[in-house]
Amino acid sequence: MKAAPLTDDLRTLYQEVILDHGKQPRNFRVVEHHTCKAQGNNPMCGDRITVTARVSARGVLDDLAFEGKGCAICIASASMMSEALTGQSTATAHKLFEAVHDLCTGKIDTDQAKAAVTPDLSDNIDKLASLSGVRQFPVRVKCATLPWHALLSCLDGKTQTTTEK
Amino acid sequence: MNKMTKSDKGAAYDVMKVRADFPILAREVHGKPLVYLDSAASAQKPQQVIDAISRAYGHEYANVHRGAYYLSETATAAYEAAREKVRRFINAPSLKEVVFTKGATEAINLVAATWGRTFVKAGDEIVITSVEHHSNIVPWQLLRDATGCVLRIAAVARDGSIDIEEFAKVIGPKTKLVAVAHVSNVLGTVLPVREIAALSHEAGAKLLLDGCQGIVHEYVDVQDLDCDFYAFSGHKLYGPTGIGVLWAREALLEAMPPYQGGGDMIDSVTFAKTTWAPPPAKFEAGTPPIVQAIGLGVAIDYLNTLDRAAVAAHESALLRYAMTSLAQVPGIRLIGTAPGKAAVQSFVMEGAHPHDLATVLDRSGVCVRAGHHCAQPLMEILGVTATTRASFALYNTMAEVDALIAALRKAQEVLL
């Protein structure tokens, strides 16, 4: 059947875990007493994600949340990001950013992503690997990485970022 | 999809014959027949235009307005013939009033940078509307920042129409310029431009029309519209990219300083003083988009071979069918339902972001625009960050509307 692979592509992109997080995002709120805040813009589509975090003196993300408007991929990515990194160090956040970025662009596979982060994030990598469906849809990679860019800006003390950097 | 709907054949307007002129429409995307519903962003090109470009580069190419040799004369004649085709197409009184630019954006920026910087002072007002494309907002913001003038906004109603009363509220004695879309690129609304012209002129203001969508869907007679500037791009009119037109009244062009300095726009140059060539050359510094202009001329020739009233009727029928069909898909809300609108339809689907929708539609071969359509202020007013937009052109069919609807239902399966 000729049409089947097409649907598979779409099914890989819009798998259950993405649709679930896209429709019912976790940590969709503003962190109370946040220590940093940054907005990520995708000027191409107008999507906007605001990330807020409360970072402890020891450099731990005690709370991480986001708000905004975006497509299913973008919202799911932000939701899974907030789940994965709450309670983690900012150093881990940077490492996971790299891993997710490389997963989405097809540079590394799930096992390599797991090797790049601490073992306790293994389950999160399994979930986040669902974002790698975007590699078949190059224009959508930015949708997946936008929240992560906003997070890095937030942790670096910047207030704005865009996907067009 | 290949099954033709009744209304695609037998009508006075033979859409299948027209389609045969557009080679790209025969291709497949992701293994599906291409259903191109994004002509408001850029239209596809007929073979006649493609051939003309190839012929110009292959046989008749040289720089214009310079060489005293045969090829340059031929290229110059072809370039100037294109200007005459444009003049006739918009019924401009004089060839001097037709300035070639690299696009509509440049045409509007040209007016802001020359006429605006010369004649607009601090406290003067420029009226735009809330449906404008960024290209008819940002140039005026730049002018505002440079001069201290004030931007005033005529508000759009919920259905996407803009009542003339809204213009009456914001046009006044301080108004220097009214700069509005002829037809909205997001909503398809046809603005009441003749009434706007009357109000503008009563107030002593000039009227600029952004005609990017207008010239595609309406007859444009700049004298009848009674505007002062009319800007449009070639690529939305089935012509090449890199070419646009600014039409302006001759007296205005005479009074405006040049836009850019360079070759082709001078009368004489000494280090002490340079005098300008008369319009339109004054505004066409440097080597112009020669072949693009020739291509635009051939696109106009092509349109002139069609019965444009029949084209308009065909596009209206497509729009009506699309609006009815879309309204029957659960969860779809139409954005822009003003009476008499052009064949552009925005919509949102509950629970599905336009980008996700466009990705799924693409896999069915259906090309639509998803996003803010370079009209972010309008999106904010509409309370959405983005919409999905299907725009219909002279080569689209009822069967393609059916394909859009089928793809939308499939998207609901995937996304909801």
Side-chain angles (χ1 to χ4, degrees), chain A residues 1-25 39-50 67-79 130-131 133-147 162-164, chain B residues 1 28-33 38 41 133-134 138 186 331 335 346 348-389 403 406-416:
Chain A
M1 220 177 81
K2 204 178 162 195
L6 308 176
T7 313
D8 283 355
D9 250 13
L10 287 172
R11 281 287 168 214
T12 309
L13 183 63
Y14 293 109
Q15 51 192 281
E16 210 49 54
V17 60
I18 302 256
L19 294 178
D20 172 42
H21 278 266
K23 281 180 212 158
Q24 285 146 335
Q39 192 182 63
N41 294 325
N42 184 343
M44 197 184 95
C45 60
D47 285 358
R48 268 173 232 159
I49 295 289
T50 303
E67 269 193 327
K69 294 240 167 112
C71 62
I73 312 289
C74 177
I75 297 294
S77 179
S79 172
S130 63
L131 294 169
V134 293
R135 58 178 72 165
Q136 301 301 329
F137 299 83
V139 296
R140 305 303 303 277
V141 171
K142 285 172 179 178
C143 307
T145 56
L146 176 65
T162 109
T163 55
E164 301 304 297
Chain B
M1 169 54 218
E28 295 193 336
V29 171
H30 300 302
K32 302 287 172 72
D38 197 21
H133 189 283
H134 293 165
V138 184
V186 180
I335 308 249
S346 278
V348 288
M349 185 191 277
E350 207 181 310
H353 188 280
H355 256 196
D356 296 317
L357 213 51
T359 292
V360 181
L361 261 50
D362 177 52
R363 295 282 148 153
S364 297
V366 179
C367 306
V368 293
R369 176 82 186 268
H372 51 59
H373 316 289
C374 295
Q376 281 183 311
L378 175 60
M379 295 294 113
E380 210 171 313
I381 291 164
L382 297 170
V384 294
T385 49
T387 73
T388 306
R389 179 189 70 188
L408 285 170
R409 290 188 186 274
K410 188 173 159 195
Q412 288 185 320
E413 275 173 40
V414 176
L415 296 173
L416 305 182

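Predicted, not measured: the structure shown is a model, and the values here were computed from it. Throughout, a chain's letter reflects where its sequence line sits, starting with A, and its residues are numbered from 1.
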- Query: Mind checking whether His353(B) and Ile75(A) have side chains closer than 4.5 Å, heavy atoms only?
  - Reply: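 They are not in contact (no side-chain heavy atoms under 4.5 Å apart), so the answer is no.
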
Q.
Please find the pair of heavy atoms, one from Asp356(B) and one from Cys71(A), that lie closest to each other, and give the distance.
A.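 Asp356(B) and Cys71(A) have their closest heavy atoms at OD2-CB, 3.4 Å.
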
Q) If you measure from NE2 on His355(B) to CZ on Phe137(A), what distance do you get to the nearest 0.5 Å? A)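 If I round to the nearest 0.5 Å, the distance is 13.5 Å.
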
Next on the checklist: Using 0.5 Å steps for rounding, measure from the OH atom of Tyr14(A) to the OG1 atom of Thr359(B).
Outcome noted: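 OG1 of Thr359(B) is found 4.5 Å from OH of Tyr14(A).
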
Side chain, backbone, both or neither: which part of Ile73(A) has a heavy atom under 4.5 Å from chain B?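 Interface part for Ile73(A): both.
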
* Which atoms of Glu16(A) approach chain B - backbone, side chain, both or neither, heavy atom under 4.5 Å ->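 No part of Glu16(A) comes within 4.5 Å of chain B.
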
Can you tell me which of Val360(B), Leu416(B), Leu415(B), Leu357(B) forms the most heavy-atom pairs within a distance under 4.5 Å of chain A?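 Max contact count across the listed options: Leu415(B).
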
Scan the side chains in residues 371-386 of chain B for donor-acceptor partners under 3.5 Å anywhere in the protein, sequence neighbours excluded, and list what turns up.
| residue | atom | partner | partner atom | Å |
| --- | --- | --- | --- | --- |
| His372(B) | ND1 | Cys374(B) | N | 3.0 |
| His372(B) | NE2 | Pro43(A) | O | 2.7 |
| His373(B) | NE2 | Gly371(B) | O | 3.2 |
| His373(B) | NE2 | Thr387(B) | O | 3.3 |
| His373(B) | NE2 | Thr387(B) | OG1 | 2.6 |

